[in-house]
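Convention: sequence-line order gives letters A, B, ...; per-chain numbering from 1.
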Amino acid sequence: MDEYGRFEWALVFDASKPGPVYSLFHLDVNFIRIGDVESKMAREIPKAYEPNEVEQRWAKAWFEQKLFRAENSGYGPRFSIALPPPNVTGSIHIGHMLEHTQIDMLVRWHRMRGERTLWLPGMDHAGIATQFVVERMLAKEGIKRQDLGREEFERRVWKWKQESGGVIKEQMIRLGASCDWTRERFTLEPALYRAVLHAFLRFYREGLIYRGRYMVNWCPRCQTAISDLEVVHHERTGEIWNIRYPLIGADGKPSGTEFLVVATTRPETMLGDTAVAVHPDDDRYRGYVGRRVLLPLMNREIPVIADTYVDREFGTGVVKITPAHDPNDFEVGKRHNLPEIDVMTPDGHMSEVAGKYAGMERFAARGRIVADLKELELVESVKEHMHAVGTCDRCKAIVEPRVSTQWFMKMAPLAEPAKQVVRSGLIEVVPDNQRTVLLNWLDNIRDWCISRQLWWGHRIPIWHCADCKEMVPATDSRVEIVDGHARAAGVPTKCPKCGGSKLTQDPDVLDTWFSSGLWPFSTLGWPDDTKDLREFYPTSLLISGYDILFFWDARMIMMGIHLMSDPNLNTGDISTLIPFRQLYLHSLVRTAEGAKMSKTKGTGVDPLQMTEQYGTDALRYMLASMAAPGTDIILSEDRVLGARAFANKIWNAARFLFVNLEKIEAQGISLEDLAAPEIRARAPYAVPGEASLAHRWIFSRLSAVSAEVNDALEGFRFHEACQTIYHFFWDDFCDWYIEWLKPQLAETNRDVAVPAWRNILTVFDAALRLLHPAMPFITEELWHKFPQRAGASRVAAEALASSQLADGTGDAGAPGLVSIALEDYPQPNSDWPDRNAENEMALLQEIIIAARNVRAEMKIEPKKKVPADLSAADGGFRRIIEVNLEAILRLGALSSLKVSQGRLDSAGAAIRSTAQFDLRIAYGEAVDKAAEMAKAKKEIERLEKDIASKEARLTDESFQSKAPVEVVRNMEATLADRKTELVKLRARVTQLSS
RNA sequence: GGGCGACUAGCUCAGUUGGUUAGAGCGUUCCCCUCACACGGGAGAGGUCCAAGGUUCAAGUCCUUGGUCGCCCACCA
């Protein structure tokens with residue numbers, strides 16, 4: 001892969017499936033320069049939207065044009081965000097896609113608001129996970145990593161990384177993620193390796209990293225220590241055995257009758273028992289403390305000790321103490337100076353000190369031991385027992401607590417400032433309830449085991465002196481490139497303590513989350529004081545799943561605050577040290593059963609496959625529209641279909657515009673005249689005469705919708721943003737505005753047609769820009785069918801004009817980039833809100849709907865237009881109705897509408913009434929009188945109930961005195977309307993029954 | 001053992017600070033292949049907001065208790 005990430009497209013493969021999979025950018029798609037994709041295909045829009053070709057074309061164009069380089073964004077406030085680096089263990093799944101969609105929506109939104117925007121992508125080497133995947137692949141060839149040796153194994157993993165990383169990148173590009181790929185990073189690349197060494201050495205010098213022999217979680221499958229967080233507890237029904245330990249009598253021999261009975265769920269560990277403990281205040285056993293028991297099977301005498309750790313209520317009140325295999329026993333052992341006997345090997349077999357069980361697999365040994373004890377009649381009882389079993393997060397093997405020598409990081413001192421910034425809101429956590437979760441975890445933080453007995457990762461930069469065992473750190477954090485990959489270059493040559501020269505590097509590597517913890521700043525060039533670091537740190541926002549809140553988010557906060565406090569880089573003001581200002585925890589995608597998606601369980605959904613089926617935009621929209629903060633998402637095909645239909649609707653709205661454009665172009669009016677950027681900028685255009693209402697209304701709506709969408713995105717309410725735009729586009733724009741305007745657009749009178757066209761194209765363009773963050777491909781495609789100017793060059797020109805470039809704030813970006821992604825995001829416009837237009841439009845819509853309703857109820861033939869009468873008391877209303885008569889007749893399918901003031905004779909007619917008007921359509925032959933009647937009666941019932949409850953409320957004195965005046969007024973007004981409606985309905989019923 | 005979340009239309013889910021007759025998508029019923037769209041248009045039906053108490057002029061929304069389900073954390077043999 002070269003510097004700009006051109007990689008081999010031809011053959012890539014996926015961990016879960018054998019053989020090649022995606023070839024996203026078909027080679028026959030020619031390179032298209034953004035801006036060249038003009039409206040040449042505008043006249044040949046297919047009837048149904050076919051997303052695949054469009055998406056591939058744009059994904060490729062965006063990528064190759066480096067459209068999303070930070071330099072191509074505006075010069076407003078900075079907005080920076082680091083991609084949670086996907087593991088290079090395979091391909092991305094639907095969960096990634098949800099995350100990337102949300103990030104991308106916000107990134108595109110900020111970019112369109114003219115902010116200096118950086119979304120920095122990259123990948124994580126994912127030590128244990130990747131090593132696991134590669135080991136599994138090797139196992140298919142019958143090879144173990146030990147057969148290959150460390151260097152060769154690492155080479156194999158690197159090879160895997162190139163392939164897998166390529167796939168992930170390709171997928172992300174294909175899914176429209178607007179990352180700045182010129183800044184792509186990888187946790188094991190030289191620069192980041194150096195950052196890791198730098199961080200480690202600093203923590204080590206400060207005494208925050210130490211080495212010691214402690215109880216850790218050991219995975220016998222992976223053969224490495226893992227951190228507490230990597231242990232997943234599962235409730236399981238197991239067995240608990242009560243075992244008799246014979247007491248040693250005064251004669252120094254085991255008694256045949258006196259026993260202490262201990263309970264255990266792991267009998268195999270008894271081989272390492274070095275004591276038996278009781279509570280010091282337990283009267284039952286007071287006399288036994290200080291005596292000895294004979295450890296069965298091993299025939300080793302061990303003491304009976306007293307320790308308050310023992311719970312008198314549990315079991316028999318006697319506990320076997322196995323300091324090498326249980327965290328509590330380890331502590332007890334320390335307090336009582338007990339020996340630690342490790343009876344297990346790293347791979348989960350019984351060790352050579354396990355007597356005759358040596359070499360047996362741990363669970364086989366358990367069975368054998370129980371059988372032997374039974375034989376000796378030392379098993380007093382066996383019971384079923386529910387308990388939590390710890391398993392390895394990665395490979396699911398049962399974890400053994402085990403004493404071993406590992407590297408640890410002291411967390412309490414780092415947690416303090418982290419708590420401070422979270423508690424004070426300096427880092428805002430959304431949703432807020434997660435803040436409590438985070439603070440609780442920080443309050444109970446424990447030291448972090450950071451060493452792993454793996455080969456894939458950053459090797460610990462400490463050397464051990466063979467002679468005096470002194471630990472010698474690397475001289476500095478420099479790295480050298482060997483075999484194409486980084487390693488520590490500051491190799492110490494001499495032991496500073498004894499002068500010995502036999503130094504060997506510690507074999508362990510660091511937990512993968514150690515390097516992840518540095519991600520927000522290591523990717524920006526830290527530990528160097530780079531331009532990017534100065535410009536983009538602290539990042540604005542972190543979006544991650546709540547499942548890695550402790551693994552990653554919390555550690556970034558702790559490590560960021562600590563490491564960025566380097567006096568050379570920073571003033572020490574804590575608000576400049578934090579890695580991100582906001583933390584948004586997104587929901588997880590779950591299966592229908594509510595379980596987490598899992599590739600190993602085969603419940604994962606392949607986003608690329610869904611993309612090909614439904615279109616990326618549809619999938620993105622579906623995910624975003626379901627992403628309400630704080631709730632998990634269960635995928636449903638219905639929702640994707642709905643989203644696809646939406647994309648199709650957008651497509652066809654455009655199709656309508658372009659097809660009809662031809663007609664007006666025939667009159668010598670060009671698209672340029674109607675939709676050039678400067679033309680659109682001056683909208684809305686006044687349409688002469690009576691036709692203005694719909695225009696005033698749609699711009700009023702557009703302003704309101706812009707406000708709502710911006711507001712929703714500000715608060716991470718993606719679903720609300722989606723729903724608002726959806727409703728605006730489909731209902732307001734398509735169903736009402738387009739329909740309303742059809743005659744105007746076809747008008748031969750240019751004074752009407754031109755402003756109408758300018759307005760509708762302006763609104764459509766705004767709608768595309770509103771939609772763009774959620775549906776980038778279709779909006780880019782359609783937007784390019786209009787005359788556009790170059791976005792990036794505009795940005796640069798503006799910057800030059802305000803001389804921002806002169807002081808080195810950045811280069812001008814590539815000239816000539818034309819993309820909706822570089823356009824302005826629609827904002828509310830204070831000139832547009834028009835309450836009258838909204839009210840009037842609402843009234844007219846009600847009339848039209850009433851007409852349609854009557855037609856449907858009366859089963860009038862769809863094509864047959866019928867005459868109607870309308871009565872309204874308000875003169876203003878009558879005027880509005882008369883002015884907009886054409887639209888009412890057309891959309892309500894009426895042949896005429898006689899507007900009057902008086903009461904309408906309802907004999908032989910169907911009537912729809914509201915408080916404002918009555919609409920009357922004469923009966924045809926086939927009318928279901930009974931149905932009309934039933935309907936009216938039902939409505940009357942509802943009204944009566946409503947009126948009764950409102951009257952009760954309004955006559956209640958405390959309501960009158962305590963409720964806000966406005967609420968009371970509103971209710972009075974509504975009540976009056978209801979009463980009017982009721983009177984009309986009653987009259988109607990009387991007439992029907994006569 | 002702690003903590004968190006969910007329970008609203010047949011299904012999947014919205015409902016920010018309590019305030020008119022609780023919304024959407026899908027499904028469903030009826031009518032339409034009307035010259036942008038059947039991935040469409042039009043008109044409907046459909047909900048005692050898990051239960052019981054409480055606070056309030058007013059509760060899907062706040063409080064308490066209980067139920068069902070899910071998740072996270074936790075060294076009880």
Value in whole Å for how far the [atom2] atom of [N] lies from [atom1] of [X]:
X	N	atom1	atom2	answer
A:Asn433	B:A6	CG	C1'	12 Å
A:His325	B:C75	NE2	C1'	16 Å
A:Gln960	B:C57	CD	P	14 Å
A:His279	B:C76	NE2	P	18 Å
A:Glu331	B:A77	CD	P	17 Å
A:Phe646	B:A36	CZ	P	20 Å
A:Ile226	B:C75	CD1	P	13 Å
A:Asp731	B:G23	CG	C1'	13 Å

Quiz item: Does CD in A:Glu861 sit with more than 12 non-hydrogen atoms of other residues, nucleotides or ligands closer than 6.0 Å?
Solution: no
Minimum-distance nucleotide to [X] side chain [options: [options]]:
X	options	result
A:Phe314	B:C31, B:A43, B:C76	B:C76
A:Ile849	B:A43, B:C39, B:C73	B:A43
A:Arg852	B:C31, B:A43, B:C37	B:A43
A:Ala48	B:A77, B:C39, B:G40	B:C39
A:Met626	B:C75, B:C57, B:U12	B:U12
A:Val310	B:C31, B:A74, B:A77	B:A77
A:Arg655	B:G5, B:G41, B:C37	B:C37
A:Ala263	B:A36, B:U20, B:A77	B:A77
A:Gln723	B:A24, B:C57, B:A43	B:A24
A:Arg639	B:A77, B:C39, B:U12	B:U12

What is the base-pairing partner of [N], counting Watson-Crick and G-U wobble geometry with both distances under 3.5 Å?
N	answer
B:A22	none
B:U28	B:G44
B:C75	none
B:C4	B:G70
B:A58	none
B:A51	B:U65

If you look at every strand shown and take non-hydrogen atoms under 4.0 Å, does [X] touch a base, only sugar-phosphate, or nothing?
X	answer
A:Thr264	sugar-phosphate
A:Leu975	nothing
A:Asp977	nothing
A:Glu972	nothing
A:Ala856	sugar-phosphate
A:Val659	nothing
A:Arg942	base
A:Lys742	base
A:His727	nothing
A:Lys945	nothing
A:Asn648	base
A:His385	sugar-phosphate

Basic-acidic side-chain contact under 4.0 Å: [X], [Y]:
X	Y	answer
A:Arg717	A:Glu720	yes
A:Asp956	A:Arg953	no
A:Arg266	A:Glu400	yes
A:Lys950	A:Asp946	yes

Check the phosphate of [N] against [X], side-chain N and O only, distance under 4.0 Å to OP1 or OP2. Yes or no?
X	N	answer
A:Trp730	B:G41	yes
A:Arg446	B:C75	yes
A:Asn853	B:G44	yes

Provide the distance between the two [atom1] atoms, one in [N] and one in [M], to the nearest whole Å.
N	M	atom1	result
B:C26	B:U55	P	44 Å
B:C32	B:G15	P	39 Å
B:G23	B:A9	P	14 Å
B:G46	B:G2	C1'	43 Å
B:G18	B:C13	P	27 Å
B:C76	B:C4	C1'	24 Å
B:G47	B:C31	C1'	26 Å
B:A22	B:A45	P	13 Å

Self-check item: Partner of A:Thr269 by side-chain hydrogen bond (donor to acceptor under 3.5 Å, both in side chains), out of A:Arg366, A:His325, A:Lys320
Solution: A:Lys320
Practice problem: Spell out yes or no: do the side chain of A:Lys47 and the base of B:C37 have one donor N/O and one acceptor N/O closer than 3.5 Å? | Solution: no
Quiz item: Is a donor-acceptor contact shorter than 3.5 angstrom present between the side chain of A:Asn328 and the base of B:C75?
Solution: yes
Quiz item: What pair of heavy atoms forms the shortest contact from A:Cys449 to A:Ala225, and how long is it?
Solution: SG-CB, 4.0 Å
Practice problem: Give, for atom CZ of A:Arg446 and atom CG of A:Leu229, the distance between the pair rounded to the nearest 0.5 Å. | Solution: 10.0 Å
Quiz item: For A:Tyr614, is the NZ or CZ atom of A:Arg644 found under 6.0 angstrom from the centre of its six-membered ring and inside 45 degrees of the ring axis?
Solution: no
Self-check item: Distance under 6.0 Å and angle within 45° of ring axis: A:Arg555 vs A:Trp448
Solution: yes
Quiz item: Is a side-chain donor or acceptor of A:Lys979 paired with a backbone partner of A:Ile947 at a separation under 3.5 angstrom?
Solution: no
Exercise. Keeping the roles fixed (side chain from A:Asp273, backbone from A:Ala275), state whether a donor-acceptor pair exists under 3.5 Å.
Key: no
Short heteroatom pairs, N/O only, protein and nucleotides 15-19 of chain B, under 3.5 Å:
unit_1, atom_1, unit_2, atom_2, d
B:G19, N2, A:Arg953, NH2, 3.0

